[in-house]
Amino acid sequence: MTEFDKIIDRKGTFCTQWDFVEDRFGQKDLLPFTISDTDFAIPETVNAALQKRLTHPIYGYTRWNHKYFKSAVSTWYRKQFEFKLEEDWILYSPSVIYSLSQLIEIMSQPGEGVVVQTPAYDAFSKTVTANGRLYVENPLLFQEGKYSIDFQDLEEKLAEPHNKILLFCSPHNPTGRVWTSEELESVILLCQKYDVFIISDEIHMDILRKGKQHHPILRHGTENIALLTSASKTFNFPGLIFSYLLIPDAKLRDKFCKHLKEKDGLSSCSILGMEATVSAYQTADQWVEELNDYLDKSIAFTRNFLREKLPQVKLIESEATYLLWLDVSELKIPMEDLQKALINVGKVAIMDGTIYGQTGTNFLRLNIGCSRAKVKEGLERLLKSIQSF
């Protein structure tokens with residue numbers, strides 16, 4: 001038994017996934033495979049660092065702009081991605097979506113367009129439209145069970161003068177693609193050609209299938225690009241409210257910091273979020289390897305289960321993340337009816353792919369960031385739901 005097999009009861013902790021499943025699915029007590037956090041305990045070394053900080057009885061205003069934090073980030077990038085970044089590039093932000101919102105405001109005007117590869121994380125469309133910008137879709141190509149970028153359509157969208165930003169997701173959520181160096185270089189060249197700013201969300205960068213390697217976009221270019229990320233997705237502490245971003249352009253860094261400190265009054269960071277991030281990056285690289293190995297085995301289990309018992313449900317082969325993308329089109333069951341069966345028959349909560357845009361029609365997004373026993377139970381409930389038709 002591994003530490004990832006341990007069942008930890010999260011109910012009663014105000015947990016979004018477990019305690020508030022009714023908000024999205026209309027019923028309590030469903031087995032959830034939904035929001036993208038995991039049921040895994042944080043690494044023990046990180047927990048110990050937090051406990052040590054908790055022995056100090058004062059939690060005052062805290063600075064983030066120092067070597068202690070920045071060197072942990074730069075060392076992580078060097079070890080994990082063989083990428084040397086400049087520590088001056090590193091800025092604090094409470095969340096990736098906060099960073100996204102501020103950069104949209106800084107780098108575009110109301111009514112201008114933000115291009116997004118779809119299907120896409122649903123917060124992207126909400127953030128873009130809430131800022132008064134146009135959400136411009138560049139649908140990914142889906143051919144023979146694999147996703148790729150439609151570069152012809154992408155160039156057409158980037159060539160439109162009113163489209164000022166490409167919101168890129170690397171690795172991609174929800175499809176699980178890890179973009180190759182060649183794909184990244186092509187994206188950068190097109191954005192340079194049409195003077196489009198790139199915002200690259202790389203929060204899933206550490207969760208990779210065996211043999212896959214994430215390439216930070218800044219390895220291939222540093223002009224007109226911002227990289228947004230956090231340790232919270234990898235190590236499962238999003239509740240500590242801490243992320244960071246990498247901006248090579250000094251003038252843009254100054255603008256972002258002005259938004260952070262002066263416009264929004266966020267000059268102080270989360271003490272525990274910073275300590276968790278530093279500890280994770282300094283001590284938990286082996287834990288990440290073990291996590292990825294566990295997820296690989298859970299994916300193999302899911303693949304075999306579907307092949308044997310639900311061959312009409314196709315697993316899109318995952319290259320990254322703990323979010324599986326399931327093609328249910330062969331079932332010929334309307335998604336509304338399938339969701340009703342999942343909720344009322346299987347008593348299970350699995351995300352409807354249309355949440356991520358119309359290109360997600362006839363897909364489910366299944367979060368396997370949990371014990372294998374829970375994965376097995378969820379798949380059995382999926383099977384029971386489908387067998388009810």
Side-chain angles (χ1 to χ4, degrees), residues 76-85 96 115-121 124 137-159 165-194 196-229 233-234 245-246 248 288-289 291-293 295-296 299-300 303 314-325 327 356-357 359-360 363 365:
W76 185 257
Y77 271 76
R78 189 174 66 252
K79 288 194 304 182
Q80 299 300 112
F81 312 120
E82 298 181 352
F83 177 60
K84 188 178 186 305
L85 59 84
V96 164
V115 179
V116 183
Q117 270 101 28
T118 55
Y121 175 40
F124 287 173
E137 296 192 34
N138 166 226
L140 295 173
L141 296 172
F142 183 56
Q143 299 168 319
E144 298 180 357
K146 186 170 182 177
Y147 284 90
S148 61
I149 297 170
D150 185 340
F151 280 103
Q152 180 177 339
D153 180 75
L154 177 60
E155 180 161 14
E156 290 174 2
K157 300 290 171 56
L158 297 179
I165 294 172
L166 172 65
L167 172 49
F168 197 62
C169 191
S170 176
H172 189 264
N173 172 18
T175 69
R177 266 303 312 276
V178 173
W179 307 118
T180 65
S181 292
E182 292 74 20
E183 287 170 316
L184 293 172
E185 288 168 1
S186 296
V187 166
I188 290 172
L189 286 172
L190 283 176
C191 288
Q192 289 175 343
K193 180 178 180 180
Y194 297 105
V196 172
F197 187 79
I198 300 174
I199 300 174
S200 185
D201 173 0
E202 303 193 8
I203 198 169
H204 292 280
M205 63 190 186
D206 301 308
I207 310 300
L208 302 166
R209 304 289 81 80
K210 188 174 183 179
K212 293 296 177 181
Q213 179 63 51
H214 171 70
H215 306 283
I217 197 168
L218 292 175
R219 171 178 283 141
H220 301 289
T222 57
E223 294 183 12
N224 234 20
I225 301 174
L227 188 160
L228 283 48
T229 192
K233 194 70 66 179
T234 303
L245 61 162
L246 310 177
V288 174
E289 288 186 27
L291 168 66
N292 282 331
D293 182 64
L295 292 171
D296 285 350
I299 291 170
R303 183 188 303 113
K314 307 298 183 185
L315 171 64
I316 305 307
E317 285 302 326
S318 170
E319 298 178 343
T321 85
Y322 49 77
L323 306 165
L324 297 189
W325 196 234
D327 182 354
Y356 313 101
T359 51
F363 287 87
R365 196 189 78 167

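Scope of the values below: all heavy atoms of this structure, side chains included, with no hydrogens, waters or symmetry mates. Remember, predicted model here, so these are calculated numbers, not experimental data.
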Check side chain to side chain contact (heavy atoms under 4.5 Å, CB included) between [X] and all other residues, then give those that pass, not counting sequence neighbours.
X	answer
A320	P171, V178, L208
L141	Q143, S148, D150
E317	R303, L315
E182	T180

Can you list the steps and then say if L218 with F83 is a side chain to side chain contact (heavy atoms under 4.5 Å, CB included)?
CA-CA 9 Å; L218 292 175; F83 177 60; 3.8 Å; yes

D296 and R209 ion-paired at < 4.0 Å
yes

Under the salt bridge (charged side-chain N to carboxylate O under 4.0 Å, His left out) test, residues paired with E155 that sit two or more places apart
K193

Using salt bridge (charged side-chain N to carboxylate O under 4.0 Å, His left out) as the criterion, list what pairs up with R177, not counting sequence neighbours.
E183, E319

Looking at [X] and [Y], would you say the former's side chain and the latter's main chain have a donor-acceptor pair under 3.5 Å?
X	Y	result
T229	E202	yes
D293	L295	no
T118	A120	no

Evaluate the side-chain proximity of [Y] to [X]: yes if any heavy-atom separation is below 4.5 Å, no if none is.
X	Y	result
F168	V115	no
I199	I165	yes
W179	I149	yes
L323	N173	yes
Y147	W325	yes

Walk me through whether F81 and H214 qualify under ring-ring contact (aromatic ring centres under 6.0 Å, His included).
CA-CA 7 Å; F81 312 120; H214 171 70; 5.3 Å; yes

Those residues that, when tested against F151, pass ring pair (Phe, Tyr, Trp, His ring centres under 6.0 Å) (two or more places apart):
none

Just wondering, more than 12 heavy atoms not from E223 lying within 6.0 Å of its CD?
no

Pairwise distance CG(L140) to CG(L154) - rounded to 0.5 angstrom
10.0 Å

Please collect all side chain to side chain donor-acceptor pair (under 3.5 Å) contacts where either partner lies in residues 76-85, sequence neighbours excluded, each pair once.
W76-D206

Test of understanding: with side chain to side chain donor-acceptor pair (under 3.5 Å), list the residues that count as partners of [X], not counting sequence neighbours.
X	answer
N292	none
E185	H220
Y121	none
H172	T175

